[in-house]
Amino acid sequence: MIDVLNSPVTILRGIGQKRAELLNKLNIFTCGDLIRYFPRGYLNMSEVNPIDQLKNGETVTVIGKISSDVSKRVGKRVTRFLFSVSDPKGNTIFVTLYNQKYTADRLHPGMTVLLYGPVEVVGCVRRMDAPKIRINAIPEIEAIYPLTEGVTHGSLSRNIATALQACEAQLKEMLLPEIREECDLPEIKEAFRAIHFPKTMAEADRAKNRFIFEELFLFTVGVRILKLRVKKLTAPKLQPTDLMPFLNRLPYALTDAQKRVIRECFDGLRRSHPMSRLVQGDVGSGKTVIAAAVAYLTAKNGMQTALMVPTEILAMQHYESLHQLLSPCGIKVELLIGSMRAAEKRDIMLRLEAGETDLVIGTHTLIQKNVKFRNLAVAIADEQHRFGVQQRAAIQEKGNNPHMLFLSATPIPRSLGLVLYGDLDISVLDELPPGRIPVATRRVGSDAEARMYNYLREKALSGEQAYIVCPSVEGSDEMKSAVDFCEKLRETYLWDIPIAHLHGRMKNEEKERILTDFVNNRISVLVSTTVIEVGVNVPNATTMIIENAERFGLSQLHQLRGRVGRGKKASYCFLVSDDRSEDATARMDAFCATNDGFEISRKDLELRGPGDFLGNRQHGLPPFRIADLTRDMSVLERVSTVANHLFEDPSWFILPENRALFIAASEMLRSAMLQ
Ligand code: ADP
Ligand code: MG
């Protein structure tokens, strides 16, 4: 028997090469694609309204016979076709079609037609302008599909019907009856029929729910199976160690949340299967010290830690602070970044391979082929949302099933986290270090420039520091480049203030010098591109000015704002923008209203949708056909509950009746990895 679902559409009656090429444009290649080409909505033409009871403005379905000739009025740009339709009682409605010559030519007096659209009733005169018109049709619900030139609704619908018939015998139910029952979902054959050819809207909704559920369920199950596989691997077991020497060197006491998360990490590291843990904490919640504690434990077990970060600036900064913290405890910390001299890199790599280095901090350089470890036990990715699935996998391959720790400052909504990180354990840092004052955020127009920068000057004179972020290095007309802008400020408002610029393309030594000067308050104001977006930590900086703020997404603005408000002094963030568009205003208003990262990412997700929200990076989401993570969060929660329940007995999916589910889930996972 041939596998119809995976066969090309050309095996179907009525689909030749030409037709197939048209369908390919809609991403339909196989019969399976065709039946999974889901409608994006429905026209409910199933309830026929009597002509004499029509009300002005209603969208209605009317059936009657054409009761006049079809008269044609040719205008300059539009050609109108006018005719009337009457019911057996003699009630009449006047119809106008525009430019639909093909349709109009087929209409003749006496023919029965179905009309669907808004109606206009003035006195006893009823009119329909440009209604949908169907000849000899029965009143029904019609699916609306995204179409392309040459593919009409009718022809596509016929193709789908043919495909459904051909595939029917091979459709396999993947959802257990008890799950379908519990969640009120129709059985698979019924669902396919009902989503394309529903008899009632309720039936269509139920079918749609089933497919949304199925998609999210398959992915969730795939991710859980992956997690079970990881549990079978053997990782280095790290024995508990006395943390006091480390804690005593910290200039502050850990928050309860930090203590808990460190405990959760240590607990995972003690086990014989690799830990895979995501630490989620808002900007400034103190994630770095978690990484430091983990590196400490690992070193005391005689093994190595890698800390991978997205930018060189952040790598250098982490190196400074972790070196200072850990080397007095006898731990060897090294920095490895791409812009170092070749000889220097070679020496570092030799020490790494010889096992002389306990903790190495670096950028993507760490995953290059020639970088080797002696015994990498833990790989940490800071700002992990900046790394794709592949990069995360590459660092993992540097050791023998090392433990993985991901730090993320872009808090994602819980339910989205379930899909993206279903294979991870999650630790939440839900507490900021004591004494933090929320950053006061204000939106200003560029006309407020003088006032704002005079204020900034006063702050600088009183010893506090500031960042100014400009969107790009080359100053195009509307964008203020960091370099030019810095020059301008130096010549005007900030003439007596130490000020410098920073951007990604500067030489390494220069970047390092400027950052060190800023950290030591030899520079008061830093004009920068978004290179300071992630991780940079200077608690004495209290003002953040974001020029052309409309250019940034909500989460990015939140990251930038997170550079201030890190100390005990009140901090301010100004969004400079003259963009009055609805879109920009909505974003900036939402941003000014809250300091809560979770709230902001929820809003960001809502405004941009998951694709944009997660960026073009390899985020590990499969291409969903029907599920929409923004809209279907509640389904996702349900899916996850059901999955939890199923996985209580981890052997359930080996049962023969779950084979189809197992295969489909693995396939779904593969498509996510290939993204
Ligand atoms: P994150 O990476 O989560 O944005 P960092 O690790 O950079 O945050 O920490 C932000 C600032 O808070 C740093 O200056 C750090 O020294 C400080 N900090 C971290 N934990 C505490 C704490 N428990 N008490 C006081 N300050 C802390
Ligand atoms: Mg950080």
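For ligands, and for the atoms within them, numbers begin at 1 and follow the listed sequence.
By the criterion of a heavy-atom distance under 4.0 Å, the backbone of L254, and not its side chain, is placed next to ligand 1.
Residues L376 and T305 have side chains not in contact (no heavy-atom distance under 4.5 Å, counting atoms from C-beta outward).
For the residue pair Q280/S408, the side-chain donor-acceptor check at 3.5 Å is not satisfied.
Between Y296 and F246, the angle of the ring planes lies from 30° to 60°, which puts this pair in the tilted group.
For a threshold of 3.5 Å applied to N or O pairs, the pair formed by G286 and ligand 1 contains at least one separation below that value. For P433, no nitrogen or oxygen atom sits less than 3.5 Å from a nitrogen or oxygen atom of ligand 1, counting backbone and side chain alike.
Those atoms of ligand 1 that come under 4.0 Å of a heavy atom in V283, given as number and element, are 4 (O). Close approach to P539 involves these atoms of ligand 1, each under 4.0 Å from a residue heavy atom: 14 (O). Against a heavy-atom cut-off of under 4.0 Å, T288 is close to the following atoms of ligand 1: 2 (O), 5 (P), 6 (O), 7 (O). Under a 4.0 Å criterion applied to the non-hydrogen atoms of T255, ligand 1 contributes the atoms 23 (N).
Taking the charged nitrogens against the carboxylate oxygens, R260 and D430 do have a contact shorter than 4.0 Å, which makes a salt bridge. Using a cutoff of 4.0 Å between basic side-chain nitrogens and carboxylate oxygens, E487 and R490 are scored as salt-bridged. Between R587 and D583 a salt bridge is recorded (basic side-chain N to carboxylate O distance below 4.0 Å).
Heavy-atom separations between A253 and ligand 1 include at least one value shorter than 4.0 Å. Remark: distances from the non-hydrogen atoms of S285 to ligand 1 include one below 4.0 Å.
Taking E356 as the reference, nothing meets the salt bridge (charged side-chain N to carboxylate O under 4.0 Å, His left out) condition, with sequence neighbours excluded. Here E334 pairs with R351 under the salt bridge (charged side-chain N to carboxylate O under 4.0 Å, His left out) rule; sequence neighbours left out.
Across R563, K287, E431, H318, heavy-atom proximity to atom 1 (P) of ligand 1 is greatest for K287. Nearest residue to atom 17 (C) of ligand 1 from K259, K568, R436 is R436 (criterion: closest heavy atom).
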